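Input: a single structure, listed below in structure tokens.
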Amino acid sequence: AAGMEGRTEGRGFFWQDRTGPTTLRRFHVVNMFEIHKEKGTKIVTEEEITQIYDGEYFYTRVNQQKHQTATKSFYSKDRMLQLGGAELFESLLRDNYVTLTGEESLNEWDAYLFAARPKEGNWTAEYWFDKASGAQIQLIETTADGKPQLSMTAEEVNLDPEIPEGTFTFVLPDGFTMTDETVPEP
């Protein structure tokens, strides 16, 4: 909206298990939004998002101040954040013009740097991928007028974590109602 500026800050984690026939995934983030309005006022709000792919279904849970939703659907690689691997590169190449622009050291990682410009849209992005693992370690999206609109940086990449039991099992919390998109409507 006109006259409003803000910022978003999020912290989260991404688990992936490729040991079985299906890659299991869990993504969790807590975002804090701060919107500065005219006349010096501001709105601060928070949301928590969890996504789980258990090998059969894709679950999304969103918890906002006055709004809790949970959805069960079929998995689509475009519906979940990807931090590396073939699915991320496929979607990048399908939806963007991508150029390898160089190699850089970023924190403790030696990285490839790619520039992307969407086939439809008017923004740009830079992606840093760890040379050794292929994991995305940083992303910066910029608006058409050169202002950063999204920035994500990995603080840690663990390629062989101990994954706790139940990590890829979705449990519906109290207060949430499940919308099941896997059942056709009558």
Side-chain angles (χ1 to χ4, degrees), residues 6-35 42-95 107-109 125 127-130 132-141 149-186:
R7 69 181 186 90
T8 302
E9 183 175 310
R11 297 194 67 78
F13 61 84
F14 180 84
W15 291 90
Q16 181 167 284
D17 181 357
R18 291 188 256 182
T19 58
T22 303
T23 300
L24 307 176
R25 295 182 168 98
R26 180 183 185 108
F27 169 71
H28 179 86
V29 66
V30 176
N31 289 320
M32 187 279 299
F33 301 97
E34 184 177 287
I35 302 168
K42 70 179 177 180
I43 299 169
V44 178
T45 187
E46 188 175 279
E47 74 176 358
E48 179 180 14
I49 301 170
T50 301
Q51 294 179 319
I52 296 174
Y53 176 56
D54 67 2
E56 184 176 5
Y57 296 109
F58 179 69
Y59 298 91
T60 301
R61 183 184 75 213
V62 179
N63 188 7
Q64 297 169 327
Q65 284 181 337
K66 296 180 181 178
H67 186 69
Q68 291 87 24
T69 61
T71 307
K72 175 183 175 183
S73 60
F74 293 109
Y75 178 74
S76 168
K77 59 187 171 191
D78 293 330
R79 294 181 72 185
M80 183 171 221
L81 176 72
Q82 303 293 329
L83 295 181
E87 290 178 357
L88 173 60
F89 289 107
E90 287 171 14
S91 66
L92 270 176
L93 294 172
R94 180 189 65 234
D95 300 331
N107 299 328
E108 72 265 15
W109 293 290
Y127 294 85
W128 286 258
F129 292 95
D130 176 43
S133 68
Q136 178 182 312
I137 53 175
Q138 185 162 297
L139 161 66
I140 298 175
E141 287 184 1
Q149 68 179 5
L150 174 66
S151 176
M152 295 186 334
T153 303
E155 294 179 0
E156 178 183 348
V157 175
N158 182 348
L159 297 176
D160 191 25
E162 287 191 30
I163 299 175
E165 187 72 32
T167 294
F168 304 107
T169 302
F170 182 80
V171 177
L172 186 66
D174 291 340
F176 284 75
T177 302
M178 177 73 72
T179 301
D180 190 342
E181 296 177 353
T182 65
V183 178
E185 293 186 30

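Just so you know, these numbers come straight off a predicted model, no measurement behind them. Scope of the values below: all heavy atoms of this structure, side chains included, with no hydrogens, waters or symmetry mates.
Remark: V29 pairs with F27, N31, I49 by the side chain to side chain contact (heavy atoms under 4.5 Å, CB included) rule, at least two apart or across chains. Residues passing the side chain to side chain donor-acceptor pair (under 3.5 Å) test with D54: none are found, sequence neighbours excluded. Listed by chain and number, the residues in a side chain to side chain donor-acceptor pair (under 3.5 Å) with D174 amount to none (sequence neighbours excluded). Here E156 pairs with nothing under the side chain to side chain donor-acceptor pair (under 3.5 Å) rule; sequence neighbours left out. Checked against side chain to side chain donor-acceptor pair (under 3.5 Å), T153 has the following partners two or more places apart in sequence or in another chain: Q138. Every residue two or more places apart in sequence or in another chain that forms a salt bridge (Lys or Arg N to Asp or Glu O under 4.0 Å) with D180 is listed here: K72.
Atoms CG and OG1, from L24 and T169 in turn, are 9.0 Å apart once rounded to the nearest 0.5 Å. To the nearest 0.5 Å, atoms CG (D130) and CD (Q136) are separated by 11.5 Å. One finds the NE2 atom of H28 at 12.5 Å from the OG1 atom of T167 (value rounded to the nearest 0.5 Å). The distance from atom CD1 of I163 to atom CH2 of W15, rounded to the nearest 0.5 Å, is 6.0 Å. Here the straight-line distance linking atom CD of Q51 with atom OG1 of T71 works out to 10.0 Å at 0.5 Å rounding. In this structure, CZ in R26 is found 16.0 Å from OH in Y53, a value given to the nearest 0.5 Å.
Among all heavy-atom pairs drawn from L172 and A70, the shortest one is CD1-CB, 3.5 Å. Nearest heavy atom pair, residue A125 against residue L139, reads CB-CD1, 4.0 Å.
Heavy atoms of other residues, nucleotides or ligands lying less than 6.0 angstrom from CD of E155 number 12 at most.
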Legend entry - side-chain contact (heavy atoms from CB on, under 4.5 Å) between R61 and Q68, intermediate numbers included: CA-CA 8 Å; R61 183 184 75 213; Q68 291 87 24; over 6 Å; no

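Taking 4.5 Å as the limit, every side-chain heavy atom of W109 sits out of range of all side-chain heavy atoms of S133. For the pair T50 and F170, the minimum side-chain heavy-atom distance is 4.5 Å or more. With contacts defined as side-chain heavy-atom distances shorter than 4.5 Å, the pair F176/N63 qualifies.
Using cut-offs of 30° and 60° for the angle between ring planes, the Y127 and F129 rings count as parallel. The aromatic rings of F58 and Y75 sit perpendicular to each other, their planes meeting at more than 60°, with 30° as the lower class boundary.
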